[in-house]
There are 2 protein chains.
Amino acid sequence: MSTETSTPRATYRHGDLRGALVSAGLAMARAGGPDAVVLREATRQAGVTPNAAYRHFADRGALLRAVSDAAQALAADRMEAEVARATAAPMPVTSATAAPPAPATPPSVAAPALLPRSVVVSAQPPTPVTSPFADAHPEPEQAQRMLRAVGTGYLAFAREEPGLFRVAFSVPDHLAQSTSPAKAGAAGRTPFAILSAALDAYAAAGILPPDRRENAELYAWSAVHGLGMLVIDGPLRGLSDPMVDAATTRVLDMVERGL
Amino acid sequence: MSTETSTPRATYRHGDLRGALVSAGLAMARAGGPDAVVLREATRQAGVTPNAAYRHFADRGALLRAVSDAAQALAADRMEAEVARATAAPMPVTSATAAPPAPATPPSVAAPALLPRSVVVSAQPPTPVTSPFADAHPEPEQAQRMLRAVGTGYLAFAREEPGLFRVAFSVPDHLAQSTSPAKAGAAGRTPFAILSAALDAYAAAGILPPDRRENAELYAWSAVHGLGMLVIDGPLRGLSDPMVDAATTRVLDMVERGL
DNA sequence: GGTGCCATGTGTACAATGTCTACAATCACA
DNA sequence: TGTGATTGTAGACATTGTACACATGGCACC
C-alpha cells in the first residue's frame, strides 16, 4: 500500500524534502485527520529513510504543525472563493460550482484590534483589485453577504475536507500566529485575516456598533467553529446534509443578530 | 511510572475489569486527552494482561467511547452544579466554590423537538424536588440565568478539565445517543438533556419565540462548544484567563440575542 | 581548482503500542 | 459432578516514533 515515488531519486539530496513531507502529510490528513498523519509513511512517500524527516522537523508534532499551517492555507482559499462568489452574485445561490479564488482587497478601516492588524500577510504580491468596499462606507448588504460568506466558506471547508479541517483548527496553536504567512492562502490572507477583514467591513457599514467590534472575531469564530466541529467530529455527525445546511443558516443568523 | 494496583489480585477474575479500565482511561484522558488513552496502560493499571481488555471492548476505539461517555457524565455534573448555583443565588457571582449538584427537575413543556424528548434519561430514580420552574410560565430572569449557567458550566468544565472535555465531545458520536444513560450525570441528565431543558424553560418563559425553539440546542451548543475547543485545543489557546472570561460572557450574550 | 566543512540522508536499534491466535482457569448451572 | 461459557494469560507480530553513529556530496574558501 506504500505509494513510494516511482523514480528512486537519482540524487543523494532530495531537493525539497520538507515540502514533500508536508504534501504527504496533507494527503494523509485529508484522509484521516491529525492521527492519520504518520511520519514514517510521509518519508516513505517521499522515497526517503524515516530519520531523514528529523533534519527538517524536530518531531512528529512539528511536522503536524506544518501540515496544519498548509491546511489553514487551503481553508483560506475555500473561504476566499466563497467571499468572491458572494460579492459577485447579488443573490446568494444555495449551492453552485465554486468560483476561482479571486482576491478581494479588504478595507483598512481602523478598529480596536485584538492583534496588530498592521501585520498584513501576503505571500504573493497582492493583486491590486478595486474592491467594492474600497470606500469608507461600504454597502451594508455587501458587508453582510461578505461576512456570511466567510462563515459559509469556513463550514464548506469543514464539510468538504473534514480531515484537513481538523488538522487545521484543532492542532494547538496561538492566536499570535493567526496571521503567519505560512497559513495564508493564494490571496495572501489567513482564515483569521479574512474573518477580520469581513468584520471590519461589517462594522464600517454601520451594521455592527463600534463598541461591539472589539474581538468580534472570537465570537463569530466560536459559533461557526463549534458547528463545524460538532458536525464532523462530535455528537452532531450523522446529521443529514439539509439539516446541516439549515443549521449553518441559523448559526449565521444567530451571529448576525447577536454579535 | 506504571501505577499497578498494589494488591496483585488474589482471584483469577477481576470482578469489574470493565469499570477499572474505564476509570484508568478516564485518568489518562484527564491528563492528556483522547490520544493519551492507551489500552495497554489501562490494563497495566488494572493489574491485568493487555489482551484481557478485549473481553470487554472490541478495540481501543470502543474503550475510548466508553471513556467518552463517562467524561460526558462528569461534564453533566459540572453543568448541574452551575445551574444549581445560578438558580439558588439571584446575583451571579463571578467565581465561587461550586455547589453540590442538586438536581433540578426540568419542565416538560412541549416544543418542536429534535429528538424524542420523551426519552427521559435517569440512572438513579430522579429525586423529586420542587423546581422553581414547575409552573408553565417560569420567571424570565430565572430561565435566563439557567441558560447562561448551562453555558458557563460547559465552558468551566472545558477549562478545568480540558483533557476530559476533548474526550467527551470530540470523539465521533451520534446525536441519537445524546441522551444515552451512559452519558448521564449523577442527577440523571446528559449534557444535551440539561441544555434542552434549559431551552425549554427559556422558551416557556417567553424569551425565545416559539418558532425559534426548534433545534435551538444545536445553535447554542455550537457557539459555546466552539469557544471551548478554540480555547483549549485550537488557535485561541494562550488567551489569558480574564480574556477567556470576557469571551465567555460575550459569546453567551451573542447566543441570547441571536438565538 | 583542490579541499574540507557541514547540511542532509542512511543504517541499525529499541521501546511502545494495538491486536491476532492459541491456551488456561474459573464460574454457573445441569 | 461435570461440562460449557466467561474471563484472563502467553506469546507473537507488524508498526510507530525516535536516538545514535555513520555516509555523502554540494558549496565556501584557500
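Worth saying up front: this structure is predicted, and the values here are computed from it rather than measured. Chain identifiers are assigned alphabetically (A, B, ...) following the order of the sequence lines, protein sequences preceding nucleic acid strands; residue numbering begins at 1 within each chain. Just so you know, these numbers use all the heavy atoms, side chains as well, and skip hydrogens, waters and symmetry mates.
- Residues of residues 18-33 of chain A that place a heavy atom closer than 4.0 Å to DNA chain D do not occur.
- Applying the side-chain contact (heavy atoms from CB on, under 4.5 Å) criterion to B:Val171, with sequence neighbours excluded, gives B:Leu64, B:Arg65, B:Ser68, B:Val167.
- For DNA chain D, the neighbouring residues in residues 58-66 of chain A, judged by any heavy atom under 4.0 Å, are A:Asp59, A:Arg60.
- Screening residues 224-234 of chain A for salt bridge (charged side-chain N to carboxylate O under 4.0 Å, His left out), with sequence neighbours left out, gives A:Arg166-A:Asp233.
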Throw together a table of side-chain donor-acceptor distances under 3.5 angstrom for residues 48-55 of chain B, partners on residues two or more places apart or in other chains.
none

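- Taking atom OH of residue A:Tyr54 and atom C1' of nucleotide C:dT10, one finds them 15 Å apart after rounding to whole Å.
- Side-chain N or O atoms of A:Ser178 include none that pairs as donor or acceptor with a backbone N or O of A:Phe192 at under 3.5 Å.
- With sequence neighbours left out, the side-chain contact (heavy atoms from CB on, under 4.5 Å) criterion links A:Thr152 to A:Glu82, A:Leu252.
- Nucleotides of DNA chain D lying under 4.0 Å from heavy atoms of chain B occupy a range whose first and last members, 5' to 3', are D:dT6 to D:dG11.
- A:Phe169 meets the ring-ring contact (aromatic ring centres under 6.0 Å, His included) test with A:Tyr154, A:Phe165; sequence neighbours excluded.
- B:Arg250 and B:Asp245 are not joined by a salt bridge, as no carboxylate oxygen comes within less than 4.0 angstrom of a charged side-chain nitrogen.
- Contacts of A:Leu155 classified as side-chain contact (heavy atoms from CB on, under 4.5 Å), with partners at least two apart in sequence or in another chain: A:Val224, A:Leu227, A:Thr248.
- With sequence neighbours excluded, the residues satisfying side-chain contact (heavy atoms from CB on, under 4.5 Å) with B:Asp69 are B:Ala182, B:Lys183.
- Here the P atom of nucleotide C:dT21 and the CZ atom of B:Arg55 are 12 Å apart, to the nearest Å.
- In this entry the distance linking CZ of A:Arg40 with P of C:dT10 reads 13 Å, nearest Å.
- Considering only residues two or more places apart in sequence or on other chains, A:Tyr219 meets the ring-ring contact (aromatic ring centres under 6.0 Å, His included) condition with none of them.
- Annotation: salt bridge (charged side-chain N to carboxylate O under 4.0 Å, His left out) contacts involving residues 16-30 of chain B, sequence neighbours excluded, comprise B:Arg30-B:Glu161.
- Remark: A:His56 is not in phosphate contact with C:dA7, judged by side-chain N or O atoms under 4.0 Å from OP1 or OP2.
- Taking atom CG on B:Asn51 and atom C1' on C:dC20, their separation rounds to 8 Å, with Å as the unit.
- Atom CG in B:Leu39 sits about 13 Å away from atom C1' in C:dA16, given to the nearest Å.
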